[in-house]
Amino acid sequence: MNFIVAGAIEAVKELYGQEIAENVINIQETRKEFEGQVTIVVFPIVRFSKKSPEETANDIGAFLQQNVAEVEGFNVVKGFLNLSIAESYWIDLFNNTLLRPDFLAVKTRGEKVMVEYSSPNTNKPLHLGHVRNNLLGYSVSELLKADGYDVIKVNLVNDRGIHICKSMLAWQNWGNGETPESSGLKGDHLVGKYYVVFDKEYKKEIETLVAEGQTEDEAKKNAPLIKAAQQMLLQWEQGDAAVVGLWEKMNGWVYAGFDVTYKKLGVDFDKYYYESNTYLLGKDTVEEGLAKGVFFKKEDGSVWIDLTADGLDQKLVLRADGTSVYITQDLGTAQMKYDDFGMDKSIYVVGNEQDYHFKVLFLILEKLGKSWAKGLYHLSYGMVDLPSGKMKSREGTVVDADDLVNEMVETAKQKTEELGKTNDFSEVDKEDLYTTIGLGALKYFLLKVEPKKRLLFDPAESIDFQGNTGPFIQYTHARIKSLLSRANYQFAVADYNHIKLTPTELEMVMLLTKYPNEISEAAKAYSPAFIANYLYEVAKLFNKFYHETPPIIKEEDAALKLHRLNICKIAADVIKSGMGILGIKVPERM
RNA sequence: GCCUCCAUAGCUCAGCUGGAUAGAGCACCGGUUUUCUAAACCGUAGGUCACAGGUUCGAAUCCUGUUGGGGGUACCA
């Protein structure tokens, strides 16, 4: 639409003798109820024309009609100048963008971006909150790839700490040597089970102590179990063979379990970092900060940074006893990741409960003068809540990731069988299809919502398969594929001499042309939701087109038939590509 | 207390840097299949965009305040 902007600027210059900036020309698509395809909002121009909005619009409209070949006509409604663009312009657009083989090709930028996501604790299985994180992280990675970045997907596994000791201790005390093999439980679920056991027993101890007269806070500190867990953590840090051995064994179970879940969700990583290797990092950075005068030491030996001038607080970066806190590790880990990859940008996919932490982290790195600090970004997303409130692994009030996926696949199976369209599928193909559809529904459900918004999930209400859903878009793709194969479609550019686009076809062309732009907008905002909503529009419009167009296969006008099949083909390509960005597969049949 | 995010139809969500009468889906009601897949299409109904001010030719969108909700503000991670 650049030629319209240019034309309008020219018009203002010729008509009113004024040089105006590009952003004065405000262009939008014409609303359906009016004639035309492109609208200029003339209000901003009025102060240059010194005429009423209507007069200004008429002046500019007349100028454009006369001087810009593509502008065939115009009408003015209040301060809106609606332009009718020549049919041939749209046909050319169709041929020169959509039908080009490089329409969906990625243009590399030669910039590296790291996306860190998932980052689970190894003491419990993944739940719906983690699912949102994983899908977001994976999808944002795909989105950035589509926008031309080289992407490194990283998982920083939180494999050490008191929480793991809790599971280990409970297993030692009450596990009777239970293993994934002996119990038939998935490793992460087995370990998670003992995390819950710990919490239950711990609470019992607190109750007893409170009954004996201690305050709740005292009891929490004095309970034998928590002391034992702390002791275990200390032993782990000292390299106690028995503790480390148990830790390795139980972590191994968890990893095996996570692998299954990751595979099922379709997410993967280029690089794993383990906190057991990184938790001591960051002390060099603290030294560096002290030397540069960015940090200061208090009398007790603890190290701090004063961020009050930036509207934040004083923040501890190293304990008095010289041990690390969370942010110490993150400072060190950030440096290590940069040393490893030298990326231009680094995205942390982490929940919004850590907004403050990342604000501080990035600010500190900037103050330390790290050139790469400006490329850091916290992709903050809202928690997934249940109607009953927050999910808590300790208390077992979570929607388990594996259960949820299985339920979705089961639901997909039921719905598909009810429709009876897969009777001639092989068993393997059926299972495949149910998984594709079930996961499609789940992924789309989670990704269509703006990341930063919190999400309410009601397990009692199942995720839809109709309307603005993954399966609807998958269905649209399958429908097109079926049509193309029945038509024995072969790609070729149609002869457009006598073809006129219908209004819906015109809409399709305009919508499909927007796809590359949609990707870069979504990438800029790190928001797969843009893509999801865009694809829904494509699918919806396609179904309208499909419904109102007479059977294409029976069309006798060869050029018209080819033209319509081309629209179908591009719609299918865009859907497949976009769904790929969301990590959703699209079936050929369903 | 302070910081921060959120509030749009009964429910779940769109609404880009301010632009025309605020849009979808679900649910509800009604219609469409001797034509390429009805997981579809078409229609009816449903709104004081939390509230109150302000800026502007124009505000769901920007600013201020109020209310309600989430999160944070640990020598936890």
Side-chain angles (χ1 to χ4, degrees), chain A residues 23 26 28 30-31 33-34 39 41-44 46-47 52-53 77-80 82 121 158 160-163 275 279 298 300 302-304 311-313 315-321 323-327 329-330 351-357 359 380 382-383 385 389-390 412 415-416 418-419 421 437 441 445 448-450 452-458 461 463-476 478-487 518 521 524-525 529-530 532-534 536-537 539-540 542-544 546-555 564-565 568 589-590:
Chain A
N23 62 13
N26 188 335
Q28 56 188 248
T30 305
R31 296 181 71 116
E33 56 268 40
F34 302 107
T39 294
V41 184
V42 298
F43 294 106
V46 169
R47 66 191 169 101
S52 76
V77 182
K78 292 192 266 181
F80 298 90
N82 302 323
N121 290 344
N158 190 355
R160 57 142 244 136
I162 191 84
H163 48 283
E275 214 185 279
Y279 80 105
K298 285 194 177 171
D300 64 358
S302 57
V303 181
W304 295 73
L312 304 174
D313 304 309
K315 188 83 189 165
L316 176 91
V317 294
L318 195 69
R319 289 194 189 103
D321 63 7
T323 57
S324 307
V325 289
Y326 180 35
I327 202 147
Q329 298 173 38
D330 264 6
N352 64 9
E353 56 199 351
Q354 297 198 30
D355 284 357
Y356 184 73
H357 170 77
K359 207 186 240 180
S380 164
M383 298 287 103
D385 289 332
K390 226 183 157 179
K415 302 219 176 206
T416 309
E418 274 169 30
L419 292 171
K421 293 187 201 170
I437 297 175
F445 175 81
K448 78 169 178 193
V449 181
E450 249 336 279
K452 77 172 170 187
K453 291 212 177 175
R454 67 188 258 266
L455 207 62
L456 191 85
F457 179 79
D458 188 347
E461 276 179 47
I463 294 174
D464 278 323
F465 283 65
Q466 274 160 7
N468 188 357
T469 67
F472 168 68
I473 297 170
Q474 290 173 320
Y475 168 75
T476 306
R479 201 180 208 189
I480 298 173
K481 283 300 181 164
S482 154
L483 170 59
L484 292 178
S485 85
R486 276 164 169 267
E518 211 67 30
E521 290 295 315
K524 251 178 244 160
F530 282 34
N533 289 306
Y534 170 77
Y536 174 61
E537 277 184 63
K540 202 171 145 60
F542 177 82
N543 280 305
K544 182 183 173 179
Y546 182 89
H547 191 261
E548 70 183 23
T549 308
I552 298 170
I553 292 177
K554 295 182 183 160
E555 177 59 53
R564 289 188 171 152
L565 289 172
C568 294
R589 279 184 61 194
M590 71 183 269

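The sequence lines fix the lettering, A, B, ..., with proteins before strands; numbering per chain opens at 1.
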Considering only atom P, compute the distance from B:G23 to B:U48 and round it to an integer number of Å. 15 Å
Mind running side chain to side chain contact (heavy atoms under 4.5 Å, CB included) on A:Phe465 and A:Ile437 for me, showing each step along the way? CA-CA 9 Å; A:Phe465 283 65; A:Ile437 297 175; 3.6 Å; yes
For the backbone of A:Ala412 and the side chain of A:Thr416, can you confirm whether one donor and one acceptor N or O come within less than 3.5 Å of each other? yes
Do the side-chain N or O atoms of A:Lys540 get closer than 4.0 angstrom to the phosphate oxygens (OP1, OP2) of B:A24? no
Would A:Phe465 count as stacking on B:A39 if stacking means ring centres less than 5.5 angstrom apart and planes tilted under 30 degrees? no
Among the candidates B:U37, B:A20, B:C75, find the nucleotide nearest to the side-chain atoms of A:Lys78. B:A20
In Å and rounded to the nearest 0.5 Å, what is the OG to CD1 distance from A:Ser485 to A:Ile480? 12.5 Å
At 4.0 Å (heavy atoms only), tell me whether A:Pro44 reaches a base, stays on the sugar-phosphate, or touches nothing. base
What is the nucleic acid contact for A:Ala529, judged by heavy atoms within less than 4.0 Å: base, sugar-phosphate only, or nothing? nothing
May I ask you to decide whether A:Glu537 forms a salt bridge with A:Lys540, counting only side-chain N to carboxylate O separations under 4.0 Å? no
Considering only the P atoms, how many Å lie between B:U8 and B:G69, rounded to the nearest integer? 15 Å
Which part of the nucleic acid, if any, lies within contact of A:Val449, taking any heavy atom under 4.0 Å across all strands shown: a base, the sugar-phosphate backbone alone, or nothing? sugar-phosphate
Give, for atom CD of A:Gln466 and atom NZ of A:Lys415, the distance between the pair rounded to the nearest 0.5 Å. 6.5 Å
Taking only N and O in the side chain of A:Arg319, is any of them less than 4.0 Å away from OP1 or OP2 of B:C76? yes
Within the pair A:Arg31 and B:G19, is there a side-chain N or O less than 4.0 Å away from OP1 or OP2? no
Of all the choices, B:A20, B:A39, B:A14, which nucleotide is nearest to the side chain of A:Lys421 once you look at every atom? B:A39
When all nucleic acid strands are considered with a 4.0 Å heavy-atom cut-off, which category describes A:Asn158: base, sugar-phosphate, or nothing? sugar-phosphate
Go through B:A40, B:G19, B:A14 for me and flag the one nearest to the A:Asn533 side chain. B:A14
For B:A40 and B:A59, measure between their C1' atoms and round to the nearest Å. 38 Å
Just the rounded figure in Å: distance from C1' of B:U35 to CG of A:Leu483. 12 Å
Would you say the side chain of A:Thr476 and the base of B:A39 hold a donor-acceptor pair, judged only by whether the two atoms sit under 3.5 Å apart? no
Determine whether the aromatic ring centres of A:Phe472 and A:Tyr536 lie less than 6.0 Å apart. yes
Taking the minimum atom-to-atom distance to the side chain of A:Val77, which one of B:A24, B:A20, B:C36 wins? B:A20
C1'-based separation of B:G31 from B:G70 [nearest Å]: 44 Å
Whether A:His357 and A:Tyr326 hold their rings parallel, tilted or perpendicular, with breakpoints at 30° and 60°: parallel
Under 4.0 angstrom, heavy atoms only, what part of the nucleic acid is A:Met590 near: base, sugar-phosphate, or nothing? base
Can you tell me how far P of B:A38 sits from CZ of A:Phe472, to the nearest Å? 12 Å
Quick one: label A:Asp300 by what it contacts on the DNA or RNA (base, sugar-phosphate, nothing), any heavy atom closer than 4.0 Å. base
P-based separation of B:C13 from B:G18 [nearest Å]: 26 Å
Nearest-angstrom distance, P atom, B:C6 to B:G10: 23 Å
Integer-rounded Å distance: B:A20 C1' and A:Asn26 CG: 12 Å
Measure the CD-CE distance between A:Gln474 and A:Met590 for me, rounded to the nearest 0.5 Å. 5.5 Å
Reckon A:Ile437 touches a base, only the sugar-phosphate, or nothing at all at heavy-atom distances under 4.0 Å? base
Is there a Watson-Crick or G-U wobble partner for B:C41 with both distances under 3.5 Å, and which nucleotide is it? B:G31
Within the stacking criterion (centroid distance below 5.5 Å, interplanar angle below 30°), does A:Phe34 stack on B:A20? yes
P spacing across the pair B:U34 / B:A50, given as an integer number of angstrom: 47 Å
Below 4.0 Å: OP1/OP2 of B:A14 and any side-chain N or O of A:Lys453: yes
On the nucleotide B:C3, are OP1 or OP2 found under 4.0 Å from the side-chain N or O atoms that A:Lys359 carries? no
Between B:A20, B:A14, B:A24, which one does the side chain of A:Glu450 approach most closely? B:A14
Just to confirm, is there a sub-4.0 Å distance from OP1 or OP2 of B:U37 to any side-chain nitrogen or oxygen of A:Ser482? yes
Of the options B:C75, B:A77, B:U8, whose atoms approach the side-chain atoms of A:Leu316 most closely? B:C75
Flag as yes if A:Tyr546 stacks onto the base of B:A40 (centroids under 5.5 Å, planes under 30°), otherwise no. no
Roughly how many Å apart are B:C3 and B:A45, using the P atom of each and rounding to a whole number? 47 Å
Separation of atom NE2 in A:His547 from atom C1' in B:A38, rounded to whole Å: 9 Å
Length of the line joining A:His163:NE2 and B:A77:C1', which is rounded to integer Å: 7 Å
Starting the side chain at C-beta, find the nucleotide from B:U37, B:C75, B:U73 nearest to A:Asp313. B:U73
Assign A:Thr549 to base, sugar-phosphate, or nothing according to its heavy-atom contacts below 4.0 angstrom with the strands shown. base
Does any nucleotide pair with B:U21 by Watson-Crick or G-U wobble geometry, both distances under 3.5 Å, and what is it? none
Side-chain heavy-atom pair A:Tyr475, A:Thr469 within 4.5 angstrom cut-off: no
Rounded to whole Å, please give me the gap between CD in A:Glu537 and P in B:C13. 19 Å
So does A:Lys554 reach the base of B:U35 with its side chain, donor to acceptor, closer than 3.5 Å? no
Taking the side chain of A:Glu353 as heavy atoms from C-beta outward, which of B:C42, B:A14, B:G71 is closest to it? B:G71
Between B:A14, B:U37, B:C41, which nucleotide has the shortest distance from any of its atoms to the side chain of A:Arg486? B:U37
Which nucleotide in the set B:G15, B:U35, B:C41 lies at the smallest distance from any side-chain heavy atom of A:Asn543? B:C41
Spacing of A:Tyr356 atom OH relative to B:A74 atom C1', expressed in whole Å: 11 Å
Within the 4.0 Å heavy-atom criterion, would you say A:Thr416 contacts the bases, only the backbone, or no part of the nucleic acid? base
What is the distance from CD1 of A:Ile162 to P of B:C76, rounded to the nearest Å? 11 Å
Under 4.5 Å between any side-chain heavy atoms of A:Tyr546 and A:Leu483, yes or no? yes
By nearest-nucleotide position on RNA chain B, the 5'-leaning member of A:Glu275 and A:Arg589 is A:Arg589
Would you kindly check whether a donor in the side chain of A:Asn82 faces an acceptor in the base of B:A20, or vice versa, at under 3.5 angstrom? yes
Look at all strands and tell whether A:Gln354 reaches a base, only sugar-phosphate, or nothing, counting heavy atoms closer than 4.0 Å. base
